[in-house]
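Side chains are part of it too, since the values below use all heavy atoms of this structure and drop only hydrogens, waters and symmetry mates. Note that the coordinates shown come from a computational prediction; the quantities given were computed from them, not determined experimentally.
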Amino acid sequence: MEWLYVHMPIAGVDIFWPGLIILGVGVGIIGGFFGMGGAWMVTPGLNILGFPMAFAIGTDIAHMAGKSLVSTMRHGKFGNVDYKLGMIMIVGTVAGFECGAQMIMWLERLGRVDVTVRWIYVGLLTFIAWMVFHDVNKRRQKEKAARAAGQQVDALATGIEWHKTLHKIKIPPMVNLQVAGIYCSAWLPIFVSFLTGWLAGILGIGGGLIRMPALIYMLGCPTHVAVGTDLFEVMISGLYGAATYTYKGRTELVAAIIMLIGASVGAQVGAVATKYIKGYGIRIAFGLAVIGCLVSILLKLVRPWFPAYKSLLDDSATVLVLGLVSGMSLYILIKMIQGAKRELEMKKARAAA
């Protein structure tokens with residue numbers, strides 16, 4: 001079965017190339033749908049497939065930049081991108097990203113990069129999963145209370161409302177973000193972008209894993225605007241990250257190109273799917289995907305403690321990541337087709353009337 005493996009000349013490893021294609025197409029769909037580069041799945045996925053962690057980070061960022069450009073253009077047509085907010089956040093994103101990338105180089109010299117990055121992933125994914133489902137639960141409690149009082153909850157309201165407290169901070173300059181419907185201190189989006197940029201540089205993600213929830217819960221963006229604006233930021237941080245990691249010799253361009261071909265197609269499918277699945281449907285699916293990715297990383301982390309089951313744990317982690325990407329992509333694709341079908345039926349009904 002040697003034909004199923006391709007040699008990566010820079011990283012010096014042999015990789016199961018069908019896995020790269022599955023990651024590319026699947027994460028393209030998922031990234032375009034959730035409003036992030038999908039690197040929170042790809043970096044652990046590449047590491048599980050056999051890439052050293054530093055190369056997994058650099059390679060993922062390189063493929064992510066081109067794919068996010070495609071998704072951003074598609075979301076822009078739907079009016080989901082607040083370009084003013086995105087431009088304000090660029091400064092913090094780039095500065096934070098370089099801090100994170102330098103930290104990875106330092107950890108690599110210490111020989112601690114793999115285990116450190118995995119544990120950071122575990123902590124971050126656990127927090128994100130808790131935040132998403134805590135928000136969903138609080139939202140349902142609000143809806144239940146509103147129904148009991150004979151009222152309705154605002155469609156744009158969230159369960160977690162940290163943004164209301166943060167908007168009380170009035171440090172000049174203040175900015176009016178019309179697309180997102182936000183009036184706040186410019187320092188708030190800059191702080192959020194620096195934090196997410198730093199995590200992007202460490203974890204090899206576009207920052208979307210935490211930036212999309214941060215835009216919703218800390219800035220108060222509507223979900224669909226958070227998706228589109230986040231992808232714009234992923235594109236910027238991805239282009240910068242691809243340049244800095246390639247300069248540091250940690251990018252495997254062969255793998256990046258293989259994934260990018262599939263991801264460019266998948267990203268358009270995911271972006272169109274947000275037209276038919278909005279709000280809490282996106283958030284619940286996102287939370288489930290985070291939990292699945294968390295379990296796959298934990299399987300890798302516990303491997304040294306159970307040497308007799310090393311092969312089983314490795315295979316389980318690989319199957320889980322590829323299965324998660326494939327299953328979530330299929331779900332999004334089916335929902336998009338169903339939504340498009342309903343839209344066509346409604347148009348025919350209006351035309352007949």
Side-chain angles (χ1 to χ4, degrees), residues 1-28 37-67 100-101 103-122 201-205 238 241-263 293 296-304 306-307 309-326:
M1 303 293 283
E2 292 183 2
W3 63 277
L4 290 174
Y5 291 83
V6 61
H7 183 69
M8 298 293 151
I10 301 176
V13 293
D14 294 323
I15 299 298
F16 182 62
W17 61 263
L20 294 177
I21 295 176
I22 292 173
L23 281 176
V25 176
V27 175
W40 51 286
M41 288 181 168
V42 176
T43 297
L46 289 175
N47 183 236
I48 288 167
L49 286 175
F51 278 92
M53 186 60 81
F55 283 91
I57 293 171
T59 301
D60 180 29
I61 290 171
H63 116 274
M64 173 187 64
K67 179 194 62 186
M103 186 173 176
I104 285 294
M105 295 300 103
W106 173 66
L107 287 170
E108 190 179 42
R109 288 192 294 271
L110 295 178
R112 298 287 299 170
V113 65
D114 283 59
V115 66
T116 301
V117 170
R118 285 176 185 164
W119 277 115
I120 292 175
Y121 258 112
V122 167
I202 292 176
L203 302 178
I205 60 179
T244 189
Y245 268 96
T246 300
Y247 176 76
K248 294 174 175 63
R250 297 299 183 275
T251 301
E252 185 57 76
L253 294 177
V254 174
I257 292 171
I258 291 174
M259 288 190 296
L260 181 57
I261 293 171
C293 190
S296 71
I297 298 172
L298 285 172
L299 288 173
K300 278 295 224 182
L301 280 169
V302 302
R303 186 183 59 177
F306 304 98
Y309 299 98
K310 177 180 179 297
S311 179
L312 176 62
L313 292 171
D314 279 345
D315 291 343
S316 298
T318 302
V319 169
L320 180 56
V321 166
L322 297 181
L324 175 65
V325 171
S326 301

- Item | Contact check, side chains of Thr116 and Leu110, non-hydrogen atoms, under 4.5 Å | no
- Which atom names give the shortest non-hydrogen contact between Pro18 and Leu4, and what distance separates them? CD-O, 3.5 Å
- Ile15 side chain near Tyr5 side chain, heavy-atom distance below 4.5 Å: no
- Item | Minimal non-hydrogen separation, Thr251 against Phe55, with atom names | N-CD2, 4.4 Å
- For residues Val6 and Asp14, determine if any side-chain heavy atom of one lies less than 4.5 Å from a side-chain heavy atom of the other. no
- Message: In the structure I gave you, are the side-chain heavy atoms of Leu20 and Met8 within less than 4.5 Å of one another anywhere?
- Response: yes
